[in-house]
Amino acid sequence: MVKNKYQLLINGEYVDSSNGEFFETHNPATGEVLATVAKATKEDVDKAVAAARAAFEGGKWPKLTGARRARLLNKIASIMTERFDELVRAEVLNSGKTVDAAKGQITQAIEDFEFYAAAALTLGGETKPVPNGFFNYTAKEPVGVCGQIIPWNYPLMMAAWKIAPALAAGCTVVLKPASPTPITAFMLADICQEAGVPAGVINVITGSGAEIGPYMTEHPGIDKIAFTGETETGKDIMARASGTLKRITLELGGKSPNIVFDDCDLDGAVDGSLYGIFYNTGQSCEARSRLFVHEKIYDAFMEKFLEKASRIRTGDPFEKGVHMGAVISPSHEKVIDGYVKLAVAEGAVVLYGGKRPDGPEFEKGNWYLPTIIGNVTNDMRVAQEEIFGPVVVVMKFSDENEVIHQANDTIFGLGSAIWTKDHGRAHRVAAAIRAGIVMVNSPISAFPGTPFGGYKQSGFGRELALETLSLYTETKSVVSYVGSRPLNLFGL
């Protein structure tokens, strides 16, 4: 159930911010105020960090066995399943995404907790070969207090991506959800407490990212920062975290190539390419926003692509059969439209969309049509900069080496997709593309258990996989002398 008012969650209790200030969050589809939310101050961050630190250093959570933590993670997943419809409704109201999209994302969030419940049982050290008379073993220990800063495009799923591995490793958390979409983060924290996660292990603070985000990043009481968001903010976090040598994980922006070869299954490539950019209203870091089509099939592909794009339904996120919901805010709608106008100024041509949809149902809220831009070259800003909306730029190519070069000619390296029936080519090109994720004949980028993360300025570290646990743990090496004679290395 969506409440009218949300306070900060610190040490298991809901409290007002230290200055009593609130801000409003809105329904992107209507523009209406959805709730008022506490606006945290630096003092509130200090309180949340102190609670997380006390829970880590003096509480029982880090000392629990993997099996005990696994049971609690599975219980969280079970409660989420029971409250599935409630979580879906809240996610749609707060983010503007379609109900089908929300259902898929919350299903994955549940599966994330189930995956890390199992993964918690695998977390352990090793013995190492050492000289005779010595014994060495390693232990995996939780890294400590984790500051987690999540974006607005997948609010609950991103919270699960961050919280589940941290809990599995035995860490404590200060979670900062995005200001436009905090509601399901609070709901998830409530579920965690209901499942039995001790007070102080999960704390949720909301407010200005420009104010409390940097403060969290520099805070000496936080041991690790995990951030998902745009690249410039990630660079700032990396610089600020260096002052205390925090562990950091950065999952940043993308400008992912989608390469359609002339031997592809044409209908499959068209359908997958549409989904790859217009799913979640294009507000995805790994959206396949640069579409490269082989010149031999360009006309046939584009005819089908444009015709099917015209059948994508934009509208009420709760309405059955709607493919695209609202964009997150009026300011972001202006950013998207600004890039479309820039593309035209650079010499590109809008082939479809490029504006708000018409009709009285779109008079309120934040809306943009699926947009396809042609006559693009890879050096244009619209081909190099992340738009983060339902906009795809289309380019022709003639041979494999050429398209690999263009695909890699970007500062980003998050996602990529290849459409071909030639499996040799698929894996040859996959090896050549500098990206953390390669999709072959499919627009689906990840499942729980598959690593998600980027190359280059798309960040570093991997989420959603067993590798993630290593980012929430320290490795301790214990070297023990077990020989029968005392060691006298100075020979005295």
Side-chain angles (χ1 to χ4, degrees), residues 230-232 252-264 266 269-270 272-274 276-278 282 284-306 308-309 335-355 368-420 425 429-430 432-435 438-439 443 454-458:
E230 55 93 26
T231 294
E232 291 307 310
L252 306 177
K255 196 70 179 178
S256 300
N258 187 66
I259 303 170
V260 182
F261 286 99
D262 57 325
D263 66 339
C264 70
L266 190 62
V270 168
S273 298
L274 286 167
I277 179 59
F278 298 128
S284 297
C285 51
E286 92 293 9
R288 273 68 77 198
S289 54
R290 289 187 300 151
L291 175 57
F292 296 95
V293 183
H294 195 280
E295 60 186 8
K296 288 183 179 178
I297 61 166
Y298 182 87
D299 291 340
F301 179 93
M302 290 305 296
E303 181 180 358
K304 289 177 176 284
F305 192 69
L306 288 164
K308 287 201 170 185
V335 168
I336 295 167
D337 192 59
Y339 269 108
V340 174
K341 288 180 169 60
L342 172 64
V344 174
E346 288 185 307
V349 176
V350 176
L351 302 176
Y352 184 80
K355 63 178 184 177
Y368 212 81
L369 285 171
T371 298
I372 302 167
I373 301 177
N375 199 35
V376 174
T377 57
N378 203 43
D379 59 346
M380 290 181 177
R381 285 181 59 189
V382 290
Q384 290 294 320
E385 298 178 15
E386 186 176 39
I387 299 172
F388 216 69
V391 180
V392 62
V393 298
V394 189
M395 292 167 274
K396 291 181 185 180
F397 73 93
S398 58
D399 67 62
E400 184 177 306
N401 289 332
E402 171 201 353
V403 77
I404 289 171
H405 172 76
Q406 290 191 80
N408 289 333
D409 186 18
T410 171
I411 65 170
F412 298 111
L414 185 55
S416 57
I418 301 164
W419 301 90
T420 178
R425 166 183 277 164
V429 175
I433 290 178
R434 298 285 295 164
V438 182
M439 292 154 269
Y455 287 20
K456 300 189 283 186
Q457 292 189 37
S458 288

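In this text, all values refer to a predicted model and were calculated from it rather than measured experimentally.
In this structure, Ile336 and Gly389 approach most closely via the heavy-atom pair CD1-CA, 3.8 Å. When all heavy atoms of Val382 and Ala343 are compared, the pair lying nearest together is CG1-CB, 3.6 Å. Among all heavy-atom pairs drawn from Gly253 and Thr231, the shortest one is N-OG1, 3.3 Å. Annotation for Ala407 and Ile259: closest pair CB-CD1, 4.1 Å, computed over non-hydrogen atoms. Residues Glu232 and Glu230 approach most closely at N-OE1, 3.1 Å, considering heavy atoms. In terms of heavy atoms, Asn258 sits closest to Ala417 at OD1-CB, 3.1 Å.
Applying the 6.0 Å contact sphere to NZ of Lys456 captures more than 12 heavy atoms from other residues, nucleotides or ligands.
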Step-by-step side chain to side chain contact (heavy atoms under 4.5 Å, CB included) determination, Tyr455 to Ile433: CA-CA 10 Å; Tyr455 287 20; Ile433 290 178; over 6 Å; no
Could you walk me through whether Leu369 and Lys355 satisfy the side chain to side chain contact (heavy atoms under 4.5 Å, CB included) test, starting with their C-alpha distance in whole Å, then the side-chain angles of each, then the deciding distance to 0.1 Å, before giving a yes or no? CA-CA 6 Å; Leu369 285 171; Lys355 63 178 184 177; 3.9 Å; yes
Take Ser256 and Phe412 through the side chain to side chain contact (heavy atoms under 4.5 Å, CB included) test and state the conclusion after the steps. CA-CA 8 Å; Ser256 300; Phe412 298 111; over 6 Å; no
Could you please spell out the steps behind the side chain to side chain contact (heavy atoms under 4.5 Å, CB included) verdict for Val403 and Ser398? CA-CA 8 Å; Val403 77; Ser398 58; over 6 Å; no
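The pair Lys255-Glu385 does not meet the salt-bridge criterion, since no charged nitrogen lies less than 4.0 angstrom from a carboxylate oxygen.
Panel note: side chain Gln384, backbone Met380; no donor-acceptor pair is recorded below 3.5 Å. Remark: side-chain polar atoms of Glu286 are not paired, donor with acceptor, to backbone N or O of Gly254 under 3.5 angstrom. Looking at Thr371, its side chain does come within 3.5 Å of a backbone N or O of Gly354 through a donor-acceptor pair.
Under the 4.5 Å side-chain criterion, counting only non-hydrogen atoms from C-beta, Met395 is not in contact with Val293. By the 4.5 Å heavy-atom criterion applied to side chains, Ile373 and Val349 are not counted as neighbours. Val260 places a side-chain heavy atom less than 4.5 Å from the side chain of Leu291. Residues Thr410 and Arg290 form a side-chain contact, since some pair of their non-hydrogen atoms from C-beta on lies under 4.5 Å apart. In this structure, the side chains of Ile277 and Ser289 come closer than 4.5 Å at one or more pairs of heavy atoms. Between Ile404 and Val429 there is a side-chain heavy-atom pair separated by less than 4.5 Å. Here the side chains of Arg288 and Pro443 are in contact, with some heavy-atom distance below 4.5 Å. Inter-residue side-chain proximity for Leu306 and Leu351 is flagged as met; some heavy-atom pair is nearer than 4.5 Å.
Remark: Arg434 CZ to Asp409 CG distance equals 14.0 Å, nearest 0.5 Å. A distance of 5.0 Å separates CG of Asp262 from NZ of Lys296, quoted to the nearest 0.5 Å. Separating the NZ atom in Lys341 from the CD atom in Glu346 is a distance of 14.5 Å, to the nearest 0.5 Å. Between the NZ atom of Lys304 and the CG atom of Leu266 there is a distance of 5.5 Å, given to the nearest 0.5 Å. Atom CG in Asp263 sits 3.0 Å away from atom OG1 in Thr420 (nearest 0.5 Å). Separating the SG atom in Cys264 from the CD1 atom in Ile418 is a distance of 12.5 Å, to the nearest 0.5 Å.
Residue Phe261 is tested with Trp419, Phe397, Phe292 for a ring pair (Phe, Tyr, Trp, His ring centres under 6.0 Å); the sole match is Phe397.
Both the sub-6.0 Å distance and the 45° axial angle are satisfied by Lys396 relative to the ring of Tyr298.
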